[in-house]
Structure formats: structure tokens, C-alpha cells
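Below you'll find the structure, written out as C-alpha cells, and then a few comments.
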Amino acid sequence: MTENVINLHKPTDPPAGDNAPTVLTVVPDPAPAPRLPLWVRSGRAIKTAATDENTKTVVRAVARHGLYTVNGGRIVARRTWDGRTGARYERMIRAAEATGNLEVAEEWEERLQRFRQARHHRRMDLLHSPVEVARGAAVGTGMGIAGLLALGVIMAINTKHPADVITPLAATIDFIATLIRIAQIVWGPALTIAPFLALLALWSVGAHQKAAPSWSMPEHQRSSDGEPITPSIVVKALRDLGVPALRNAIKEMGDVGASMLGPIRIAGCGVEVDVTLPSGVSTIEVQQRRRKLAENLTRHEHEVFITIPEAARTVRLWVADSGALDQPIGPSPLVTDETMTADYKKGRAPWGQDLRGDAAALSLYQRHLLITGLSNQGKTASLRSLALWAVLDKTIEFRIADLKGGDWVMFNGLASVLIQGPTDDHVIKATEMVEGVVDEMNERIEARQFDPNMEFPPLICIVDEAQVAFMCPVKDDLGQQYGGSKATSRYFMAVRKIHNQGRAVNVLMWQGTQDPTDQNLPKLVREGAHTRASLALGTESQARMALGDKAVDGGAAPNLLRPGLDQGTLVVASSGIDIPKGQSSITVRTHFIGHDDATAIAERAKALRDGVTTLRAVGQGEKRDALADIAAVLGTDTRVSTQDVLKRLAVLAPDAYGKWSFIDLKRVLDGTAGESYKSDGRMVVAADRVARALADRDEQGSASASE
């Protein structure tokens, strides 16, 4: 019943005075909301109950234990059938034939023949067994009765009572009667309990084999950590891969596919197994289903790697422990071992770890290098870590162009040339630097003609973010383009010349580039690198550009690495790194060396060297102090030939000194203490004399200012 509210108030226009009458107004409550129909309320209640976690747990438990019993019966029936027939032997024969192993097939066929012969003898024996059993029973019964009577006679003689002759026989009959009565009492309950005992036995078999789908398992058994990799799990994953020929072959195999698998070996943070595919199944069919195979193995796609070993019709699966690849691999030995040095010719740079957890070290000796990948995947850090190891060998000279700027600043004082910046002017200077390396290479080749055994110190030219150079549209005064991929491209042709002939005289080219395409990484340049490595890429076509067709056809797949998550993980194709036999590439998780650690390593390298004056390219249009620049390029050298001074000045500021001749140099030095002079038949410039000339000039300038 609806209750009403009584409000007490005065009229809107009360009479004058405080004695206005009070008005009582009855205000009814709002009408209650109508009740929902019964079928709606019932449906909601059913939905709530069905989605409740307790209901789900009960349903899973009922389904799980029911399937344990059903599948346990199937397993027992299969075992019984195999034990009573030759089905097991026939499956093994088909498995051996499927793998092409005829010797094993013949062996199993012989076993099948022996089994059939033994079964035939048993069946023939059954034909004669009733007569033999009856005869044996009669003889046994007669002998038993005779024995009991003999025992009775002995008892009668002993007791002097003739009736004791039948006492043992009577006792035996009473015992048999008692057993019959017990059986009559137990038989009924036993018949009732027997089916339940049989179901319990089937449930036990199914529970032991975990014969139920994963969704019905308890929560702790359905975790996303991934199941341990066992032969049955691998075979089941292959069977459900969606390859009809593979599925049918596994069903026909006597061991249900176990003969396809080699031993499962622990390999680093995962396991490794070789799978010999049956006839009619190609390796490419398995490679193309990497994601499905990983999901069948309860792993993520990036946790399963498929490679092709030497053996025919075989794939090698490496399956990581769940989540292991997301863990860091630890610091670089360059950081932890402050006494480490480098040996360019015989040593190897500690780069990281392979998927097996073994140290991955790369030989740099006479190998051009190319590292590529998407932006922000660790390309510069991977390239720089190799240079940080190599710089600990004081015989190596570095000339570096960082066409992004800021990542190689610690090489100031280590590299003889350091260009940093992304502009067209920096590309021009980088191109001229590479062309200068070509000139050095040609001089070494000419010197080698006079002395074939002459050894040259290593010279490594590094261009990071090389795609900026290839894409530069600027042309020189003769109309030649600095960038591009044609024969008119100055940068492209200089790199090609180093690739063609630099290795013979220890002149090497290292490049790092983003997002490889035919436009920013020409075919001839990428194929000239001896060591090719790639971080995460977007497409398979890019992977082929980065590593080559052979590596990709052999299982290399940097396009399947996860951008942003697999930073620093490289797929490497090189003769300078240990690659498992039969594979064309290896996946390496590189050590990350941060800016501060890289600076500390660079300081250690500077302590090993006598000191290097780094020529840093500057912008165009700046006024130059020629005498100060000459002192800078001389550095710590005692004296330098005038020709080398001109070369160094041209690298330092191409616009200001690129066209200088000996006359220009002489014009600056004449009349000062730093004049050039002849030594050993060559015109040279002495560093101490130029320094004295600078000091004299500064003193004169100070004196003029004071006057």
C-alpha cells in the first residue's frame, strides 16, 4: 500500500499578521517502478549463475573427470587391441616405410611374423586343452581322494576308531561347502561394485595420461607459462599443424609419429629437436606455419625458431622456455672486464649470446659489415659495440660518419675523422671522407705492387644511418649526385670500390642503415658485405635484401622479430661467427652498452693509444683560422709531410681547403716560425714550429691590442 506524506505549510498569500491558518496538504509518493516479468528475472538469474566462477569450476571438474574415464577406456581398449593383435607391429612397419627406412621396416615385419606364429601355436593348444584339463582334473581328484583316505587310515590306526578313516575327506568337503557359501554371499555385492571398480580403473588411466582438454584443467595447470616440451607434445603440435599429408602419415605410424623426432636437447633457455618429415611433406610447409606451430606448443610465435639443417627433409625446432627471451642477457664483457683488449686479426668481438645461451663472438678480420633494421631497434648500439671492441686494438684507424649525430661522440679523440649530423652538408663531407678512404686504399694497392708482402694497419670506415647518404639528392659542380644508386652517385661508387678491393689491403667498410629498400640500400652494396646482420624488419622482401635469399630460404626470419620488444636481437649471416652446422644464419641477442659505459670504454682505448687528433667537419660559410687549423691537423705528430697536411685540411673543411695546393700552404706558413722544410728528401711541417708560430702571433696580437 502506498504511503502518503503530509506537508504543513502556510498559504501562498496569507492574511496580515502572524496568525495565518496552517494548511494540511497530502502529497502521494511517486508510483513504484513496475516489476520485471518473471521470465526476465529468471533469465538474469540463470546468466548470473552460469557466469559465476564457482559454476565454471564445477563444470570444468565434471567435464575433466568424465573425460578422464572416457579417454581412459579408449586408452585401455587400444592397449588391449595392440596386445591381442599385430596392430602395433603394422603401425611400426608403416612408420618405417613413411620415413624411408626399409631396414627397420623389414625388422618389424620379422617380429610380426614371429608374433603370428606364437599366436597360432597358442590357438592350436586350445583345441586340445579341454581333454587335457578333464584328464588332469580326474587324475588330480582321484589322487586327492586317495591321499585323504590314506591319511584317514593312519588316523584310525592311531586313535583305534575305524570312523576316523573318512574324517579328512569329510573335513575337506565341509571346507569346500564353506567356500561356496562365502562366494554366494559375496557374489551379489561383487557384481554391484565391479562396474564402479572398472570405471575407477579407467579414470585412473585417463588421469595419469592427462587425457582431457586444457580448458577443463585446474587453473594452476592452465597457466600461460607453457608446458614442458615432450615428444608427445611435439608430435601432437605437428599433427595439428594443418598439413594433411603430415597428419595422415602420423596416424599411420606405429609409434604415432615418435620415430620422426630426434633427441630433445637442452639448448640455452629452451630445447632443440630435429624432426624428419615423412615423404610428401616439405620443409617450407612447416616454416610457413610457424605461428600455428608455436601456439600448438603453447608458446608465442617469437619463442619458436625453425631452421633447416643439412639432413634432407628435416626441420630443426628451437623452442624457448616461456618468457625466457624477454629477460635481459647481462652486461657486455667490455663493461665488466676493464683489462680486456682486442686483436683485430685473431680475436673476436664479444657481441652477445645465441639462443642456446652460448657466447656469440664475431671476427672482424677483413670483413665488410652491414647492419640493418627498423628504426629504434638497436642498430647503432649493435654496430657501436663492435667498434668499441675494435678500438681497443691501437693499430686500427677509424673514420666515422654518423649521419644522425650524437651516438658516436665518445670516438672524438679516437677516430681520425668524425662527422656528425643529418644535413646534406654532412652527407657531402661523409662522401668525401669515403672517397678519401678510397684514395688511401689505392695508395696501398700501388705500394703492394713493389712489395707483395707489405702489411698495412687496419682502416675501418663507418657510416651510420647510411640511408641518408643514399637518398641525398644534392649534386656537385660537375652534376654528379652525391646519393643515389647509379654509376653517377659518388657515395655509391666509393663504397663499391672499397667492397671490391679494400679487403686485400685491410681497408673495411661498415654501414648501418634503416628499413632497407632498393632505393636506400642498392643491391650491389648490400651484397658486397661479408657480414650481414638484421634486426626486426617489416616484410620478408626486406629480410631478403638484408640477409640474402640463401639465409632466408634456410630459415632466417628477421621480419618475424617483434619491433619494439626484440630490440638488440639480430639475425646474422657471416663466416665470422660460429653458426650451427647445416644452418645459414644464427640469431644473436646482443649486449647493450649504454652511453656512459661506451664513454668509459673509449677512455680506456685512449689510454692505450698515443693520442689521435680527430678532424671534425664543420658547417660551410665559417671563417677559418688557417694557422690554427694546420696546428690542429698536426695533432701529436712531430712532423707531417706537406701532402698529408693538405689531405687532412681537406677533410677538416673541404669548402675552405679542398682546393688548396702546396702554394696555399706555403703562403700561410712563410714568414712564420712554422715554415715547411725538407727532411729525408720530403717537404714537411713541424708541429713544434707551427705551435711556436701560433704563440708568436698571439703575443703580437696582444701587444697590438695593448697599444
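Since the structure is predicted, the reported quantities are computational estimates derived from the model, not experimental observations. Both backbone and side-chain heavy atoms feed into the values below; hydrogens, waters and symmetry mates do not.
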Got Leu246 and Pro278 here, is their nearest side-chain heavy-atom distance under 4.5 Å? yes

Is any side-chain heavy atom of Leu370 less than 4.5 Å from a side-chain heavy atom of His530? no

Please round to the nearest 0.5 Å and tell me the distance separating atom CD1 of Ile75 and atom CG of Leu202. 9.5 Å

side-chain contact (heavy atoms from CB on, under 4.5 Å) between Leu238 and Met260: does it pass, once the steps are laid out? CA-CA 10 Å; Leu238 293 170; Met260 298 191 308; 3.9 Å; yes

Evaluate side-chain contact (heavy atoms from CB on, under 4.5 Å) for Ile586 paired with Asp578, printing each intermediate quantity in order. CA-CA 8 Å; Ile586 186 172; Asp578 292 333; over 6 Å; no

Over all heavy atoms of both residues, which pair between Pro333 and Pro350 is shortest? Give the atoms and the distance, please. CG-CB, 3.9 Å

Student check: side-chain heavy atoms of Asp274 and Leu261 closer than 4.5 Å: no

Evaluate the side-chain proximity of Thr569 to Thr590: yes if any heavy-atom separation is below 4.5 Å, no if none is. no

Quick one, Lys292 with Leu241, criterion side-chain contact (heavy atoms from CB on, under 4.5 Å). Give me CA distance, side-chain angles, the key distance, then yes/no. CA-CA 7 Å; Lys292 190 170 185 179; Leu241 203 55; 4.3 Å; yes

Where Ile498 and Leu508 come nearest, the two heavy atoms and their spacing: CG2-C, 4.2 Å

Side chain proximity check, Thr372 to Leu547, heavy atoms < 4.5 angstrom: no

Measure across Ala546 and Leu537 and return the closest heavy-atom pair with its distance rounded to 0.1 Å. CB-CD1, 3.8 Å

Residues that Trp408 engages under ring pair (Phe, Tyr, Trp, His ring centres under 6.0 Å), provided they are two or more places apart: Phe411

Name the residue from Gln287, Glu285, Arg291 that meets the side-chain contact (heavy atoms from CB on, under 4.5 Å) definition with Arg289. Glu285

Residue list, side-chain hydrogen bond (donor to acceptor under 3.5 Å, both in side chains) with Gln514, at least two apart or on another chain: Glu465

Could you grab the distance from atom CZ of Arg74 to atom OG1 of Thr69, nearest 0.5 Å is fine? 13.0 Å

Can you tell me if CG on Leu200 sees more than 12 non-hydrogen neighbours from other groups inside 6.0 Å? yes

Anything under 3.5 Å between a donor and an acceptor, one on a side chain of residues 111-118, the other on a protein residue two or more places apart or in another chain? List them.
| from | atom 1 | to | atom 2 | distance (Å) |
| --- | --- | --- | --- | --- |
| Arg111 | NH2 | Glu107 | OE2 | 3.0 |
| Arg116 | NH2 | Glu90 | OE2 | 3.3 |

With heavy-atom distances below 4.5 Å as the criterion, would you say the side chains of His121 and Met124 are in contact? no

Which residues pass the ring pair (Phe, Tyr, Trp, His ring centres under 6.0 Å) test with Phe470, sequence neighbours left out? Tyr491

Does Gly576 offer a backbone N or O that forms a donor-acceptor pair with the side chain of Arg348 under 3.5 Å? yes

Sequence neighbours left out, what passes ring pair (Phe, Tyr, Trp, His ring centres under 6.0 Å) with His595? Give chain and number order. none

By side chain to side chain contact (heavy atoms under 4.5 Å, CB included) - contacts of Val335 (at least two apart): Ser332, Ile593, Asp597, Ile601

Kindly write out the residues that satisfy side chain to side chain contact (heavy atoms under 4.5 Å, CB included) with Arg544, not counting sequence neighbours, or none if the list is empty. Glu540, Asp549, Val552, Asp553

To the nearest 0.5 Å, tell me how far Arg239 CZ sits from Ile250 CD1. 7.5 Å

Could you give the distance from OG1 (Thr513) to CG (Leu403), rounded to the nearest 0.5 Å? 10.0 Å

What is the ring orientation for Tyr68 with Trp203, classed by angle as parallel under 30°, tilted 30 to 60°, or perpendicular over 60°? perpendicular

Is there a donor-acceptor contact under 3.5 Å from the side chain of Thr283 to the main chain of Arg313? no

What's the separation between atom CZ in Arg384 and atom CG in Asp407, rounded to the nearest 0.5 Å? 6.0 Å

Sequence-distant partners of Met471, side chain to side chain contact (heavy atoms under 4.5 Å, CB included), two or more places apart: Gln519, Asn520

When you check the side-chain N and O atoms of Asp464 and Thr380, is any donor under 3.5 Å from an acceptor? yes

To the nearest 0.5 Å, what is the distance between CH2 on Trp318 and CD1 on Ile306? 13.0 Å

Side chain to side chain contact (heavy atoms under 4.5 Å, CB included) partners of Ile329, counting only residues at least two apart: Gln353, Arg589, His591

The single option from Val588, Val572, Leu570 that satisfies side-chain contact (heavy atoms from CB on, under 4.5 Å) with Ser382 is Leu570

Distance-only criterion, 3.5 Å: show the donor-acceptor pairs between side-chain atoms of residues 555-562 and protein atoms not counting sequence neighbours.
| from | atom 1 | to | atom 2 | distance (Å) |
| --- | --- | --- | --- | --- |
| Arg562 | NE | Asp566 | OD1 | 3.4 |
| Arg562 | NE | Asp566 | OD2 | 3.2 |
| Arg562 | NH1 | His302 | ND1 | 3.4 |
| Arg562 | NH1 | His302 | NE2 | 3.1 |
| Arg562 | NH2 | His302 | NE2 | 3.3 |
| Arg562 | NH2 | Asp326 | OD1 | 2.8 |
| Arg562 | NH2 | Asp566 | OD1 | 2.8 |

Taking every non-hydrogen atom, the tightest pair across Ala533 and Trp351: CB-CH2, 4.1 Å

When you measure from the side chain of Arg299 to the backbone of Ala294, do you find a donor-acceptor pair of N or O atoms at a distance under 3.5 Å? no

Would you mind reporting whether Leu521 and Gln467 have side-chain heavy atoms less than 4.5 Å apart? no

Scan residues 509-518 for pairs that pass salt bridge (charged side-chain N to carboxylate O under 4.0 Å, His left out), counting only residues two or more places apart or in two chains. Asp518-Arg526

Any heavy-atom pair between the side chains of Arg367 and Ser363 that's under 4.5 Å? yes

Using atom types as modelled and distance alone, determine if a side-chain donor or acceptor of Ser541 lies under 3.5 Å from a backbone N or O of Thr539. no

Test side-chain contact (heavy atoms from CB on, under 4.5 Å) on Lys345 and Gln366 and set out the steps. CA-CA 8 Å; Lys345 189 172 183 179; Gln366 293 186 346; over 6 Å; no

Heavy-atom nearest pair, Met509 first then His368, reads N-ND1, 3.1 Å

Locate the shortest heavy-atom distance separating Glu303 from Asp321; write the atom from each residue and the value. OE2-O, 4.1 Å

Can a cation-pi geometry be assigned to Arg290 and Phe305, taking NZ or CZ under 6.0 Å from the six-membered ring centre and within 45° of the ring axis? yes

Among residues at least two apart in sequence or on other chains, which ones pass ring pair (Phe, Tyr, Trp, His ring centres under 6.0 Å) with Phe592? none

Please check this pair: side chain of Gln377 against backbone of Gly373, looking for a donor-acceptor N/O pair closer than 3.5 Å. no

